[in-house]
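Everything numeric here is computed off the predicted structure, so don't read it as measured data. Counting starts at 1 for both ligands and their atoms, following the listed order. Only this structure's heavy atoms are used, side chains among them; waters, hydrogens and symmetry mates stay out.
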Amino acid sequence: MIRFSLACEQDHEFEAWFRNNDDFDKQQKRKLVTCPQCGSTKVEKALMAPAVSTGRKKAQMALAMGEEQKRAMAQLKALAEKVRQNAEYVGDKFAEEARKIHFGEAEMRGIYGEATLDQAKSLAEDGVEFMPLPTFPDDHN
Ligand SMILES: [Zn+2]
């Protein structure tokens with residue numbers, strides 16, 4: 001069985017099942033395929049129409065989300081910058097330093113840097129408080 005999207009001469013779209021393509025052609029020629037809305041037998045396959053309209057819908061959604069995200073990203077970025085302004089950058093020594101601070105082996109201060117997923121997990125297990133900072137594609141810090 002194949003499901004076809006169909007449209008009548010008045011652009012009423014509907015779907016119908018056929019055994020195969022020939023089955024549709026035969027039924028169409030014998031005027032057995034009728035529009036459920038207006039009863040027209042001038043029915044064509046409308047495979048392209050729904051594909052196009054779906055694509056358009058998606059593009060609009062992506063665009064709308066893009067705008068929203070842009071605003072949210074700007075806010076996140078400003079926040080991340082604020083956090084960094086008062087913190088010391090320790091690069092890939094973040095896990096090491098954070099642990100030292102946690103256990104009182106280093107001066108209590110705000111730090112930021114990079115940590116691997118494993119390091120982050122092990123820090124969390126040790127009860128070290130930290131937060132992942134968002135990174136941005138155009139971050140050069
Ligand atoms: Zn119709």
Side-chain angles (χ1 to χ4, degrees), residues 1-104 106-141:
M1 297 289 279
I2 303 173
R3 189 179 63 180
F4 285 129
S5 292
L6 306 171
C8 78
E9 58 189 334
Q10 290 184 61
D11 283 337
H12 299 136
E13 287 180 20
F14 60 101
E15 290 179 339
W17 290 88
F18 298 91
R19 260 172 300 179
N20 51 45
N21 209 28
D22 284 349
D23 187 35
F24 168 76
D25 285 344
K26 272 181 210 158
Q27 291 199 36
Q28 185 197 31
K29 270 182 198 138
R30 293 166 63 192
K31 299 192 189 299
L32 292 172
V33 186
T34 55
C35 169
Q37 281 188 63
C38 66
S40 168
T41 53
K42 287 189 178 170
V43 168
E44 302 272 339
K45 271 185 253 176
L47 280 176
M48 291 313 289
V52 169
S53 65
T54 305
R56 221 180 280 143
K57 216 177 211 172
K58 271 183 188 164
Q60 278 173 355
M61 270 174 67
L63 195 69
M65 274 172 58
E67 289 294 323
E68 275 295 304
Q69 279 177 327
K70 257 187 222 167
R71 270 196 291 275
M73 279 287 242
Q75 286 172 353
L76 266 179
K77 198 166 181 174
L79 198 67
E81 246 145 52
K82 214 178 240 178
V83 170
R84 287 176 191 174
Q85 269 172 13
N86 302 310
E88 180 189 335
Y89 180 68
V90 292
D92 58 8
K93 292 211 166 39
F94 177 80
E96 202 182 310
E97 283 300 311
R99 189 171 273 111
K100 274 189 198 162
I101 292 168
H102 180 71
F103 290 109
E107 186 199 341
M108 185 75 178
R109 68 202 196 280
I111 59 167
Y112 71 98
E114 290 91 41
T116 65
L117 195 60
D118 280 347
Q119 286 174 330
K121 269 186 197 162
S122 122
L123 281 177
E125 277 163 18
D126 287 347
V128 179
E129 279 180 31
F130 66 98
M131 260 186 66
L133 274 181
T135 51
F136 304 93
D138 56 344
D139 256 5
H140 299 296
N141 305 334

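- Within the protein, the number of N/O/S atoms found under 2.8 Å from the Zn ion (ligand 1) is 4.
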Can E114 and Y89 be said to form a side chain to side chain donor-acceptor pair (under 3.5 Å), step by step? CA-CA 9 Å; E114 290 91 41; Y89 180 68; 2.9 Å; yes
Output a table of donor-acceptor pairs, distance under 3.5 Å, between side-chain atoms of residues 27-38 and any protein atom two or more places apart or on a different chain; print 'none' if there are none.
{"from": "Q27", "atom 1": "NE2", "to": "D23", "atom 2": "OD1", "distance (Å)": "3.3"}
{"from": "Q27", "atom 1": "NE2", "to": "D23", "atom 2": "OD2", "distance (Å)": "3.4"}
{"from": "Q28", "atom 1": "NE2", "to": "V43", "atom 2": "O", "distance (Å)": "2.4"}

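- The CD1 atom of I111 sits 14.0 Å away from atom CG of N86, with the distance rounded to the nearest 0.5 Å.
- The pair R109-E97 counts as a salt bridge, with a side-chain nitrogen and a carboxylate oxygen less than 4.0 angstrom apart.
- Not counting sequence neighbours, the partners of E96 by the salt bridge (Lys or Arg N to Asp or Glu O under 4.0 Å) test are K100.
- When the ring pair (Phe, Tyr, Trp, His ring centres under 6.0 Å) test is applied to F18, the partners found at least two apart in sequence or on another chain are F4, F24.
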